[in-house]
Amino acid sequence: MEYVDRKKRGLTIQVYYREIFRGVWITTKHFFRNLWKWLTFRKGGVVILYPEETRPDMSPNNRGRHVLVQRSNGQPRCVACKMCATICPALCITIEAEESEDPNIQRRPRVFEIDVSHCIFCGFCVEACPVDAIRMLPQTNELVGYNRFRMIYDKEKLLTWHPTVSDDVVYGYNPKA
Amino acid sequence: MEANFLGINVVKFWTYFILAGGIFAFMFLMGAVMSWSERKQSAVLQDRIGANRASIPLPFGKKLAMWGFINNLADAIKCLIKEDFKPGVYDKLMYNLAIFFAFVPAVLAVAVVPFAGVLKPAEFFNVSYLKWIPYLPEYFAKNLPNFSFRLQVADLNVGLLFIFAVGGVSVFGAILAGWSSNNKFSMMGALRSASQMISYEVSMGLSLVGIIFIFQTVNIWDLVQAQSELAWGWLPKWGIFVQPLAFFIFLAAAVAENKRVPFDLPEAESEIISGYFTEYSAFKMLLFMFAEFIEIVFVAIMIATFFFGGYTVPYLLADGFYFPGGSYVHLSHATVVILQVLSFQVKVFFFAWFLQQMRWSLPRFRYDQLMQLGWRILLPLAIVNLIITIIIVALGGL
Ligand code: SF4
Ligand code: SF4
């Protein structure tokens with residue numbers, strides 16, 4: 001009795017040769033197309049040569065590196081409500097609040113650290129923030145450090161990082177899309 | 001002038017010494033090229049870039065990467081300076097012997113394959129574009145005007161049987177390696193390779209019997225000569241044309257003998273780590289890999305020799321092209337020999353490329369499918385092919 005419902009295969013498939021040549025034909029087409037590109041000094045592959053090239057087509061929705069949004073006077077917009085630290089599933093946001101100099105604003109963060117080596121890039125912190133003070137940029141490359149303490153990004157780093165791609169991509173806003 | 005030393009003709013000795021050395025070097029060079037193309041060809045056909053990082057620094061900030069060829073060098077160095085790890089309990093003699101069983105047969109069997117036709121040195125150097133070579137032309141013209149030799153290391157009467165005998169030895173490499181390293185996965189790989197290679201050797205041998213019947217010889221030189229003849233005045237009598245079915249059987253069986261994808265059950269990485277050479281490390285592992293690459297070249301050489309006329313170029317005889325229409329193009333001896341060598345290289349390169357292409361295109365068979373294909377499809381087909389061939393030969397055709 002057959003327990004597995006297998007499709008009956010005809011002779012042409014069982015002899016394998018036709019299918020094998022079909023498969024080899026497909027790869028051969030790829031081989032010569034790419035070879036021709038290499039031989040004419042173009043890149044014959046869809047991958048990128050990472051350190052020399054970076055992806056220009058990062059999705060604007062990509063959840064990459066965090067930034068803290070600045071006010072016009074350069075201070076962080078964050079009001080140290082700790083909503084992001086509370087919702088963070090990786091528990092990687094450390095915030096210490098202090099009193100703000102500005103009388104209109106009650107609190108501001110004295111310490112704002114994100115340990116990006118623990119972060120799972122879920123984006124919950126961005127969603128939780130009531131004042132839109134924390135955002136995630138599409139870029140993730142070069143999110144590296146020689147030891148794990150360098151992966152803890154402090155307030156200074158989060159406020160001042162500027163990726164070197166056009167603004168459309170950086171702020172996740174593409175008017176044409 | 002016949003110079004003799006201890007009863008050995010000195011010129012003959014050096015001729016065959018250089019010939020054997022050249023063929024040995026050719027096999028190793030092709031092995032290196034194969035291990036490069038294994039990476040790079042697969043990368044190109046999979047739309048990747050492939051190995052390109054290992055490089056030799058040159059002055060002015062340039063790097064010599066040679067499209068990943070330096071990676072081979074890096075591999076060799078890395079394998080040389082790595083720890084040669086051995087299993088705790090193992091059969092030392094067999095463990096070390098296995099490498100040679102895997103490595104030697106493929107190189108040895110090439111000795112009977114002709115790389116080109118007859119070479120007459122005195123005539124060879126007597127063309128305008130080889131005049132720049134010093135000393136040799138005058139030497140051969142003066143001392144050995146009638147000396148000629150075949151570009152083949154050993155002209156055995158039983159060349160084809162020799163190839164099979166030596167090729168059959170390579171199964172010991174896998175068995176001994178798997179058994180002596182005292183590891184279950186190695187053992188599994190060894191058993192798989194033993195049954196696989198033995199069952200495919202049957203259909204491989206039977207597929208070539210048809211060729212033997214048609215050309216009435218097992219001498220490879222004569223086999224290649226016979227293939228240069230023309231059928232109906234225009235079609236070269238290549239093995240592929242007189243035995244098309246045998247070619248496909250031979251191709252499948254040869255790939256299986258070679259233990260390459262889609263028949264790489266003995267070293268199926270995803271099932272039994274690395275099969276029979278799991279316990280080999282550093283340079284010994286490299287030798288096993290290298291043996292595999294050399295075997296690809298060897299299979300390519302066999303296909304080219306048995307089914308694609310070896311070194312022969314269609315319509316090219318010893319003194320020029322004789323086209324079917326009756327036209328004739330005269331070529332000097334040197335040109336003819338160079339064309340023959342090139343023709344052989346091109347065929348070998350093409351089939352080596354094709355075997356690599358198959359390896360990167362196909363998934364692996366299941367073990368029962370492998371055995372079914374071998375015993376229930378290829379073997380009956382080979383026998384049918386043989387019977388048809390016998391009937392045709394007996395009726396006097398071809
Ligand atoms: S992205 Fe997720 S894990 Fe990372 S800091 Fe924000 S909430 Fe935490
Ligand atoms: S949720 Fe926004 S405002 Fe609140 S602490 Fe986090 S970044 Fe600051």
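Heavy atoms only: backbone and side chains are in, while hydrogens, waters and symmetry mates are out. Here is the naming used below: chain letters follow the sequence lines, and residue numbers restart at 1 for every chain.
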For [X], which atoms come within 4.5 Å of any heavy atom of chain A: side chain, backbone, both, or neither?
X	answer
B/Gln372	neither
B/Trp67	neither
B/Arg376	neither
B/Phe354	side chain
B/Ala252	both
B/Ile49	both

dist B/Gln356:CD -> B/Leu45:CG (nearest 0.5 Å) comes out at 9.5 Å
Turns out that what part of A/Lys43 lies under 4.5 Å from chain B's heavy atoms comes down to side chain
Is there side-chain contact between A/Cys129 and A/Arg77, with heavy atoms separated by less than 4.5 Å? no
Inset, instruction - Answer whether the closest heavy-atom distance between the side chains of A/Lys155 and A/Arg110 falls below 4.5 Å. - result: no
(Q) Please tell me whether A/Phe31 and B/Trp353 form a close aromatic pair, meaning their ring centres lie under 6.0 Å apart. (A) yes
Can the ring centroids of B/Phe350 and B/Phe308 be said to lie less than 6.0 angstrom from one another?
no
Margin query: Any side-chain to backbone donor/acceptor pair from B/Asn72 onto B/Ala32? Under 3.5 Å, distance only.
Written below: yes
